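Here's a structure for you.
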Amino acid sequence: MNVKIVPMDASHLDGAAAVEQACFSRPWSREMLAEELYNDCAAYLAAEDAEGCVVGYAGLQVVLDEGYITNVAVLPEHRRQGVASKLLQVFCDFAAGRDLAFLTLEVRRSNDAAIALYEAFGFREAGCRKNYYEAPREDALIMTKYFKEGAVC
């Protein structure tokens, strides 16, 4: 799919909120997404289709030399078309270019497609958060990609 990855701004909020509603059982609200746009430690990306509609988005928070991916979400009808890969690639390039020690994220234990994507980018299981998700209740795998030798969470 031909998508353009751009920094998320206020014009993307309705689209990102729609992606949240379509993807998650406990979605972030439009207001929560808007707050993140003004977080100096956060960067959000939107994936736009040829018409400029938001088909996916991703968020990253940076604390010192650590990167925490908050969300990677793509509308169900646009999955398996490389959208999430493009979003993730921007964050990996950013982490390498900014000399971050690692990127880390949580993913539902049952989300085999997302786990396979993260593994393809070099993320490895680093732990588990018991009962992290609700609706349905499920453990989260903590997956981490290291960029510096000897970096430890």
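Quick caveat: nothing in here was measured; it's all calculated off a predicted structure.
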With sequence neighbours excluded, residues passing side chain to side chain donor-acceptor pair (under 3.5 Å) with Glu48: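 Glu48: side chain to side chain donor-acceptor pair (under 3.5 Å) contacts with His12.
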Is there any side-chain hydrogen bond (donor to acceptor under 3.5 Å, both in side chains) pair reaching into residues 72-82, and which pairs are they, with sequence neighbours excluded?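 Passing the test, one end in residues 72-82: no pairs.
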To the nearest 0.5 Å, what is the distance between CZ (Arg98) and CG (Asp65)?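 Going from CZ on Arg98 over to CG on Asp65, the span is 13.5 Å.
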Residues two or more places apart in sequence or in another chain: which of them pass side chain to side chain donor-acceptor pair (under 3.5 Å) with Asp93?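 Gln89.
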Heavy-atom distance under 4.5 Å between the side chains of Leu103 and Phe121, does that happen here?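 No; the side chains remain at least 4.5 Å from each other.
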Residue pair Asn39, Tyr44: steps toward the side chain to side chain contact (heavy atoms under 4.5 Å, CB included) verdict: CA-CA 10 Å; Asn39 180 345; Tyr44 280 76; over 6 Å; no
Quick check: do Phe123 and Tyr146 have side-chain heavy atoms less than 4.5 Å from each other?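 The answer is no, as the side chains (C-beta and beyond) never meet within the 4.5 Å cut-off.
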Tell me the side-chain hydrogen bond (donor to acceptor under 3.5 Å, both in side chains) pairs involving residues 122-131, sequence neighbours left out?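 Checked against side-chain hydrogen bond (donor to acceptor under 3.5 Å, both in side chains) - neighbours excluded - the pairs reaching residues 122-131 are Glu106-Arg129, Lys130-Asp139.
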Are Val90 and Phe147 connected into the same hydrophobic cluster when the rule is that any two of I, L, V, M, F, W, Y join if their side-chain heavy atoms are below 4.5 Å apart?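 Cluster IDs for Phe147 and Val90 match.
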Please examine the side chains of Thr104 and Glu66, heavy atoms only from C-beta on, and report whether any two atoms are closer than 4.5 Å.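 Glu66 does not reach Thr104 side chain to side chain.
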Looking at every heavy atom in both Ala126 and Thr144, which two are closest together, and how far apart are they?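 Smallest interatomic distance, heavy atoms only, reads CB-OG1, 3.6 Å.
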Which pair of heavy atoms, one from Cys92 and one from Lys145, lies closest together, and at what distance?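 For Cys92 versus Lys145, the nearest heavy atoms are SG-CD, 4.1 Å.
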How close do Leu37 and Ala10 get, heavy atom to heavy atom, and via which atoms?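 That would be CD1-N, 3.7 Å.
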Can you measure from CG (Leu45) to OH (Tyr57) and round to the nearest 0.5 angstrom?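 Atom-to-atom, Leu45:CG and Tyr57:OH are 11.5 Å apart.
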Do Val72 and Leu105 have side chains that approach each other closer than 4.5 Å (heavy atoms only, starting at C-beta)?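 Counting from C-beta outward, Val72 and Leu105 never come under 4.5 Å.
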Trp28 and Thr70, any side-chain heavy atoms less than 4.5 Å apart: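 Yes - at least one pair of side-chain heavy atoms lies under 4.5 Å apart.
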Between Tyr133 and Ser25: side-chain donor-acceptor atoms closer than 3.5 Å: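 Judged by distance alone, the side chains do not pair up.
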Contacts of Arg137 that satisfy side chain to side chain donor-acceptor pair (under 3.5 Å) - sequence neighbours left out: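 Once residues adjacent in sequence are excluded, Arg137 has no partner under the side chain to side chain donor-acceptor pair (under 3.5 Å) criterion.
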How far apart are the closest heavy atoms of Phe91 and Ala58, and which atoms are they?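 Phe91 and Ala58 have their closest heavy atoms at CE1-CB, 3.5 Å.
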Pairwise side-chain hydrogen bond (donor to acceptor under 3.5 Å, both in side chains) hits with a residue in residues 108-122, at least two apart: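 Non-adjacent pairs meeting side-chain hydrogen bond (donor to acceptor under 3.5 Å, both in side chains): Arg108-Glu138, Ser110-Glu138.
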Nearest heavy-atom neighbours spanning Leu75 and Ala22: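 Smallest interatomic distance, heavy atoms only, reads CD2-CB, 3.8 Å.
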Just wondering, do Val3 and Leu87 contact through their side chains at under 4.5 Å, heavy atoms?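 They are not in contact (no side-chain heavy atoms under 4.5 Å apart), so the answer is no.
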Are Ile69 and Ile142 linked, directly or through other ILVMFWY residues, by side chains that come within less than 4.5 angstrom of each other?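 They do not share one cluster, since no chain of ILVMFWY contacts under 4.5 Å joins Ile69 to Ile142.
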Using the rule that Ile, Leu, Val, Met, Phe, Trp and Tyr join whenever any side-chain heavy atoms are under 4.5 Å apart, tell me whether Leu141 and Tyr132 fall into a single cluster.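 No, Leu141 does not connect to Tyr132 through the hydrophobic network.
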Rounded distance [0.5 Å steps], CE in Met8 versus CG in Leu33: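 Between Met8 CE and Leu33 CG, I get 5.0 Å after rounding to 0.5 Å.
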